[in-house]
Novice: 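To start, I am sharing the structure in question, which I have written as structure tokens.
In what follows, every chain begins at residue 1, and chains take the letters A, B, ... in the order their sequences are listed.
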Number of protein chains: 2
Amino acid sequence: MGGSIEEVAALAGVSTATVSRALRGLPYVAESTRRRVREAAAQLEYVASPQASRLASGHTRTIGVIADLTGWVFLQVLRGAEAVLREAGLDLLLYNPGDDSGPFDALPLRKRVDAVLVPCPPLTLMEMRSLQALNIPGVLVGASVPGFPSVRVDDVGGARTAVQHLINLGHRRIGLISGEAAGDGSDNRETALSTASADRRRGYREALAAAGIECDPGLEAVGGFTWRGGERAMAELFSVESPPTAVFVADDEMAMGALRALRRARLRVPEDMSVIGFGGHDKAEVFELTTVVQPLARQGKIAAELLLSLLDAVPDASQNLDASEVVVLPVSIEIRDTTCRPASGTT
Amino acid sequence: MGGSIEEVAALAGVSTATVSRALRGLPYVAESTRRRVREAAAQLEYVASPQASRLASGHTRTIGVIADLTGWVFLQVLRGAEAVLREAGLDLLLYNPGDDSGPFDALPLRKRVDAVLVPCPPLTLMEMRSLQALNIPGVLVGASVPGFPSVRVDDVGGARTAVQHLINLGHRRIGLISGEAAGDGSDNRETALSTASADRRRGYREALAAAGIECDPGLEAVGGFTWRGGERAMAELFSVESPPTAVFVADDEMAMGALRALRRARLRVPEDMSVIGFGGHDKAEVFELTTVVQPLARQGKIAAELLLSLLDAVPDASQNLDASEVVVLPVSIEIRDTTCRPASGTT
DNA sequence: GTGAAAGCGCTAACAT
DNA sequence: ATGTTAGCGCTTTCAC
């Protein structure tokens, strides 16, 4: 099968140690030697056995990606991260904690990966702790958990912007469809993603407060981050005595469901109901959905760079990233056709 | 860090060989011994070093997933496969051939994976050949390439069913939006996915022929499997002199774009134009899209099982799957609200 | 700048 | 049923 390092060494007329050094770009190898070794390797189509180097070096050069394969967001983040990590020669191992029974066993990860990337954290806080306990470094995307470096967007600010946009249009009765029910944050069993949900709700409330509009709990519904949930939630909202004229939906996926509910109820969008989403889903445009766009791939890219700095895999990193860093990216609002002034707009 | 096999052996009072045998469930180990070893391992939170076992055994117990991270289909397939493979204790390594320059280097795969899973083949036929040349077994999902076992749906039959449905409704001028332009199949540079595109077009033409309807090349457009492409293609179709009254869109993603085009052109669906998709996209329902549903996760599951049989990882496989097997699954049609009788329907 | 040799932590014969 | 031992193919001191 694949030639071994010894064959390369023989062909190049050097020792295996030199081959190893030459091929990995280590210093203290004469350029002429390096060239010779490279040629020999190419000629034999030599690829170092990763198992052997891992065993010998103690590094797996592998990143575990812990993600619920359901999501769409995670894919975008992964794309951004993948490019960077592959560039650095790291392997990506997939972990789906989802469907299994039991509370996610972090044990097999040890010895298997050097670090983990956790997009849209599908884990509970307790599970995150178990990762920490095993001393597996990792970076989160889309949520912040104390003790982990993370990359996310300004959820509070983004939500505020969204709601502010509705307010600027003249809306006063503004509904909210959030991902999860409001918790007190003390529940270790809630998913780390809850922070995004909570933050967006906070932004919503802040914007209302800033405009002097009182919060109406009857205008808040929960959609569970799925389009079906969003549909149900919207149906609830327009069925109340005094329905909102606009709704901020904390996730594009849910917003799609919300639009469906409105369409089926023969309510016109945006004339009868304005809808603004959050997320930057690539299909938002298909729906003409006004939404708050977050740079998903960029978050993945930055997370990957953080990961590399964590592994010291970037020796020439001019700017050293702190392991406990929390990178917060800004969002932008993309105005399409699901928002307009309220029918009885007074502005 | 993590204890080694020697520590476990010492604690259990046996040799390392016995620990290895006991923990891997090999025969010729006394049940009492096995229990003792298991307890020792649990106590030490022992996990075997995969690198070491791989190096020693020559098996990586890893499956490479070669997929373009763009897709949505691939995720569904992966979900089905993941469960099976994880159950079997196999690792999943991610490979994204997409963005990189160069023609996908299969070399690093060797020594790194035991086999590959290739959902919605993003590779050209040439690249598939290079996989073959390296003797890496693999199974394809969503397309068949000679020399590889594969799992796919009956694309021809599904397309025929879809078009037949339109015909039954009374349509005579039926358009097609296909993924790729018709090729002669001899181009090694086309992606393996082309077969799906070609098959669906074939089903479309067969259905027309069977109904005695002549094919009109002017009623066929290409959408490139993206919603934007589908939108463009639909815009083309309803702009011709004598537009179709219904369109078969060979992919749900494109169908979404097609619906958008119609909406923007103020054409009513289904009254002015019936649309039927293909794929079973989880968001088809959001659009009320009538479509041909393929069992994505099930394809992944079956592919994974094929993979296991390829690796002889299922010693007690009662039904031995042939390595050159091509599993073809049936599809079902899901009728929603984007299809109806033509306006001037004569039936 | 290069080579020799000792592991890395397992598995797989081969003994017993 | 269990133990002994020789690798698996690299990396990494430590000499030179």
Novice: When you compare the side chains of B:R129 and B:Q132, does any donor N or O come within less than 3.5 Å of an acceptor on the partner?
Specialist: yes

Novice: For A:L23 and D:dC10, what is the distance between atoms CG and C1' respectively, to the nearest whole Å?
Specialist: 12 Å

Novice: What is the minimum heavy-atom distance between A:V47 and B:R110, and which atoms define it?
Specialist: CG2-NH2, 3.7 Å

Novice: Whole Å only: how far is the CD1 atom of B:I5 from the P atom of C:dC8?
Specialist: 14 Å

Novice: For B:H59 and D:dG7, what is the distance between atoms NE2 and P respectively, to the nearest whole Å?
Specialist: 19 Å

Novice: Starting at atom CZ of A:R61, determine the distance to atom P of D:dT11, rounded to an integer number of angstrom.
Specialist: 11 Å

Novice: Which sits closer to the 5' end of DNA chain C, A:V14 or A:A56, going by the nucleotide each is nearest to?
Specialist: A:V14

Novice: Between B:T70 and A:R79, is any side-chain donor less than 3.5 angstrom from a side-chain acceptor?
Specialist: yes

Novice: Closer than 4.0 angstrom, basic N to acidic O: yes or no for B:R34 and B:E31?
Specialist: yes

Novice: From CG of B:L26 over to C1' of C:dA12, roughly how many Å is that when rounded to an integer?
Specialist: 10 Å

Novice: Nearest whole Å is fine: how far is D:dG9 P from B:Q51 CD?
Specialist: 16 Å

Novice: Could you state the CZ-P distance from B:R21 to D:dT4, rounded to the nearest angstrom?
Specialist: 11 Å

Novice: Check every atom of C:dG3, C:dC10, D:dT11 against the side chain of A:S20 and return the nucleotide holding the closest atom.
Specialist: D:dT11

Novice: Considering only D:dT2, C:dT2, C:dG9, which nucleotide approaches the side chain of A:L55 most closely?
Specialist: C:dG9

Novice: Can you tell which of C:dC10, D:dT2, D:dC10 lies closest to the side chain of B:V29?
Specialist: D:dT2

Novice: Please state whether the base of C:dG9 and the side chain of B:R54 form at least one donor-acceptor pair under 3.5 Å?
Specialist: no

Novice: For A:E6 and D:dG7, what is the distance between atoms CD and P respectively, to the nearest whole Å?
Specialist: 12 Å

Novice: Checking contacts here: which listed nucleotide (D:dC10, D:dT2, C:dT11) is nearest the side-chain heavy atoms of A:S49?
Specialist: D:dC10

Novice: Are the charged groups of B:K301 and B:E305 less than 4.0 angstrom apart, N to O?
Specialist: yes

Novice: Both A:A52 and B:T16 contact DNA chain D. Which one's nearest nucleotide lies toward the 5' end?
Specialist: B:T16

